[in-house]
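Keep in mind that this is a model prediction, so the values were computed, not measured. Numbers restart at 1 for each chain; the letters A, B, ... are given by sequence-line order, proteins then strands. Any value given below was found using the heavy atoms of this structure, including those in side chains, with hydrogens, waters and symmetry copies removed.
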There are 2 protein chains.
Amino acid sequence: MGQPKYRQIASELRGQIVSGTLREGDRLPTEPQLQDQYGVSRNTVRDATALLVNEGLVHRVPGRAGGMIVRRKVTLTFHAHRAEMPAQPTAETDAWRSEVVAQGYEASQEFSLMIQSLSPELAERLHVETDSVAVLRRCVRYVNGQPSSLQDTYYPMDLAEEIRELLSPKDIPQGTTRLLAERGHEQTAYYDEYISRMPTPEETNLLGLQPGTTILLHVRTGYTEQRPVRVSFNVFAGDRNQIVTTHGDVRLIARFRPEETPE
Amino acid sequence: MGQPKYRQIASELRGQIVSGTLREGDRLPTEPQLQDQYGVSRNTVRDATALLVNEGLVHRVPGRAGGMIVRRKVTLTFHAHRAEMPAQPTAETDAWRSEVVAQGYEASQEFSLMIQSLSPELAERLHVETDSVAVLRRCVRYVNGQPSSLQDTYYPMDLAEEIRELLSPKDIPQGTTRLLAERGHEQTAYYDEYISRMPTPEETNLLGLQPGTTILLHVRTGYTEQRPVRVSFNVFAGDRNQIVTTHGDVRLIARFRPEETPE
DNA sequence: CAGTGGTCTAGACCACGCG
DNA sequence: GCGTGGTCTAGACCACTGG
């Protein structure tokens with residue numbers, strides 16, 4: 001017996017999913033059915049299906065009409081190069097909303113504002129002293145009423161005192177990037193990091209994540225000619241988002257990817 | 001009891017890890033110790049620790065000297081903007097190697113070559129007919145002897161017949177991007193996608209992934225003035241890699257991030 | 001009510017690898 | 001050898017929810 005039973009069972013079910021025998025939204029056999037089918041105990045069945053759950057292939061739904069369901073993958077594309085590029089005056093949040101709408105979904109978002117003292121790591125990113133204070137603007141973004149991603153942006157306190165709008169717990173119509181530019185803090189360089197990891201319990205709650213869902217984290221540090229002025233943490237639920245950027249001649253790409261109209 | 005036992009136990013242990021009471025490389029209590037400590041059965045202990053394993057916080061080591069160990073996070077930074085940008089003549093693989101060495105690790109890679117008929121999805125990306133054939137060049141990249149990431153690049157067959165070096169199962173010294181440019185196929189636009197997901201079983205084997213490890217996928221489609229000429233799938237083990245890009249004035253960033261010396 | 005998955009117990013035997 | 005985690009069994013009771 002090279003493979004343990006629960007892995008063999010998982011492999012068979014996984015095969016049925018990736019080959020298309022079981023499609024998105026389909027129900028797997030119930031746990032008692034799998035026990036009979038493979039002649040194993042319930043715990044072994046659960047070990048097998050736990051693998052699929054953690055791989056993000058399946059989710060479990062309790063209740064009479066529940067079962068184990070093949071997960072749907074609806075992917076929302078987020079264009080990091082469209083939102084808030086120096087040359088583009090589009091408001092960041094409107095950019096997100098219009099992207100979602102263009103892809104045929106309904107968009108909404110919730111703002112909140114916190115004042116926090118900075119961790120050493122964040123202080124270094126913003127090039128300010130450790131334990132100094134910053135404004136945290138959080139935006140939770142919903143697609144079709146479901147939380148899909150969130151954005152946490154930190155601004156140094158002295159900047160927020162100069163630009164008081166940053167202290168308002170509301171959406172800033174023209175977008176913060178544009179607002180800063182209008183007040184003489186134009187961001188002329190970005191440092192972008194892309195990270196993949198499992199969610200923290202807080203993220204699991206905020207984004208309503210199923211087990212087996214990853215996080216796609218995009219950290220953008222924005223610099224003016226003088227200094228870093230903000231750090232944004234874009235936290236995407238990995239099962240429903242991807243990030244796209246382009247380099248070079250966009251019209252070339254649009255010729256072969258019609259959906260990428262640069263407008 | 002709002003929370004089930006196994007979640008409470010997991011929360012306590014997680015708290016000790018994130019707060020620093022348990023540090024990277026430390027051993028958790030053994031399973032029998034946790035049974036005594038919390039007065040629960042072994043399966044409950046295993047349910048609790050399975051959460052931590054799936055969150056990527058801990059890995060299990062069998063054997064007498066084993067145990068449950070807090071995972072180390074050594075992050076290798078991969079600069080997607082340095083390797084193979086149109087303006088930069090650096091060879092792509094050398095770029096990767098020098099990045100790894102600059103971060104104090106040992107680098108090696110293994111090439112292999114396959115001829116494959118394209119899936120509909122890939123054919124669309126390369127703008128060729130479905131079921132047409134392509135060259136797949138795979139490069140598995142090792143850091144300190146451990147597999148860390150892999151790159152699968154697909155070239156349309158007609159291009160490979162024009163540029164025969166693409167059919168050699170070896171590293172191309174100057175880098176394929178530069179080679180193509182020298183033969184009149186300079187890539188002038190890139191379409192970059194960033195995706196986070198759980199690994200496939202194949203990726204788990206190829207990269208030697210622990211449970212709870214995510215995949216950071218970077219898909220780059222390269223275009224010449226005429227057409228798309230290649231698609232690269234950069235598959236990174238999420239626990240040991242991040243991708244960095246910059247926009248705008250790089251010297252600004254270097255002023256505040258000394259480690260980001262432009263080349 | 002009936003059937004789904006969620007949690008939990010108390011056992012058992014095995015594979016591995018350091019001492 | 002012996003203590004680690006890996007796998008597996010056979011039960012039990014619970015929470016939820018559609019019919």
Side-chain angles (χ1 to χ4, degrees), chain A residues 1-13 22 25-71 201 204-205 208-213, chain B residues 1-13 22 25-71 201 204-205 208-213:
Chain A
M1 201 77 70
Q3 283 277 87
K5 288 183 188 175
Y6 77 100
R7 288 191 184 277
Q8 289 178 15
I9 298 170
S11 292
E12 281 200 33
L13 294 171
L22 287 167
D26 282 358
R27 283 178 53 165
L28 269 59
T30 67
E31 292 183 352
Q33 284 169 352
L34 290 171
Q35 288 181 58
D36 292 351
Q37 191 172 330
Y38 293 99
V40 296
S41 73
R42 184 169 169 220
N43 276 351
T44 301
V45 166
R46 286 187 66 79
D47 284 348
T49 53
L51 284 181
L52 304 180
V53 168
N54 288 325
E55 287 167 14
L57 292 175
V58 152
H59 72 275
R60 292 166 164 160
V61 181
R64 171 71 185 265
M68 291 176 285
I69 315 270
V70 180
R71 283 179 69 168
T204 301
N205 290 334
L209 300 182
Q210 296 284 335
T213 307
Chain B
M1 203 73 68
Q3 283 278 86
K5 289 182 187 175
Y6 76 100
R7 287 190 185 277
Q8 290 177 15
I9 298 170
S11 292
E12 282 201 31
L13 294 171
L22 287 167
D26 282 358
R27 285 177 53 164
L28 269 59
T30 66
E31 293 182 349
Q33 283 169 354
L34 290 170
Q35 287 182 57
D36 292 351
Q37 190 173 329
Y38 292 99
V40 296
S41 73
R42 183 167 171 222
N43 276 351
T44 302
V45 167
R46 285 187 67 79
D47 284 348
T49 53
L51 284 181
L52 305 180
V53 169
N54 288 324
E55 287 167 13
L57 292 175
V58 153
H59 72 275
R60 292 167 163 160
V61 180
R64 172 70 186 265
M68 290 176 286
I69 315 268
V70 181
R71 281 178 70 168
T204 302
N205 289 335
L209 301 181
Q210 297 283 336
T213 307

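- Rounded to a whole Å, the CG atom of B:D47 is 17 Å from the P atom of C:dG5.
- Atom C1' of nucleotide C:dC8 and atom CG of B:L51 are separated by 15 Å, given to the nearest angstrom.
- Scored by the side chain to side chain contact (heavy atoms under 4.5 Å, CB included) test, B:S11 finds B:R14 as partners (sequence neighbours excluded).
- In this structure a side-chain-to-backbone donor-acceptor pair under 3.5 Å is present from B:N54 to B:A50.
- As rounded to whole Å, 18 Å separates atom C1' of C:dT7 from atom OH of B:Y38.
- Atoms CG (A:D36) and P (C:dT4) sit 11 Å apart, rounded to a whole Å.
- Considering only side-chain N and O atoms, A:T44 lies under 4.0 angstrom from the phosphate OP1 or OP2 of D:dT9.
- Per the geometry, CG belonging to A:L34 stands 16 Å off C1' belonging to D:dC8, to the nearest Å.
- Listed candidates were D:dG5, D:dT7, C:dC8. Nearest to the side chain of A:P4 is D:dT7.
- In this structure, of C:dT4, D:dT9, C:dC8, it is C:dT4 that holds the atom nearest to the side chain of A:R27.
- We find that CG of B:L28 is positioned 14 Å from C1' of D:dT4, with the value rounded to whole Å.
- Listed by chain and number, the residues in a side chain to side chain contact (heavy atoms under 4.5 Å, CB included) with B:E31 are B:R42, B:V45, B:R46, B:M68 (sequence neighbours excluded).
- Every residue two or more places apart in sequence or in another chain that forms a side chain to side chain contact (heavy atoms under 4.5 Å, CB included) with B:E12 is listed here: B:Y38.
- As rounded to whole Å, 8 Å separates atom C1' of D:dT4 from atom CD of B:E31.
- Rounded to an integer number of Å, the gap from A:R60 CZ to D:dA15 P is 19 Å.
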> Which letter, B, S or -, goes with each nucleotide of nucleotides 11-19 of chain C from 5' to 3', with contact meaning a protein heavy atom under 4.0 Å?
Replying inline: -B---BBB-
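- With sequence neighbours excluded, the residues that form a side chain to side chain contact (heavy atoms under 4.5 Å, CB included) with A:R27 are A:T30, A:I69.
- With sequence neighbours left out, the side chain to side chain donor-acceptor pair (under 3.5 Å) criterion links A:R60 to A:T49.
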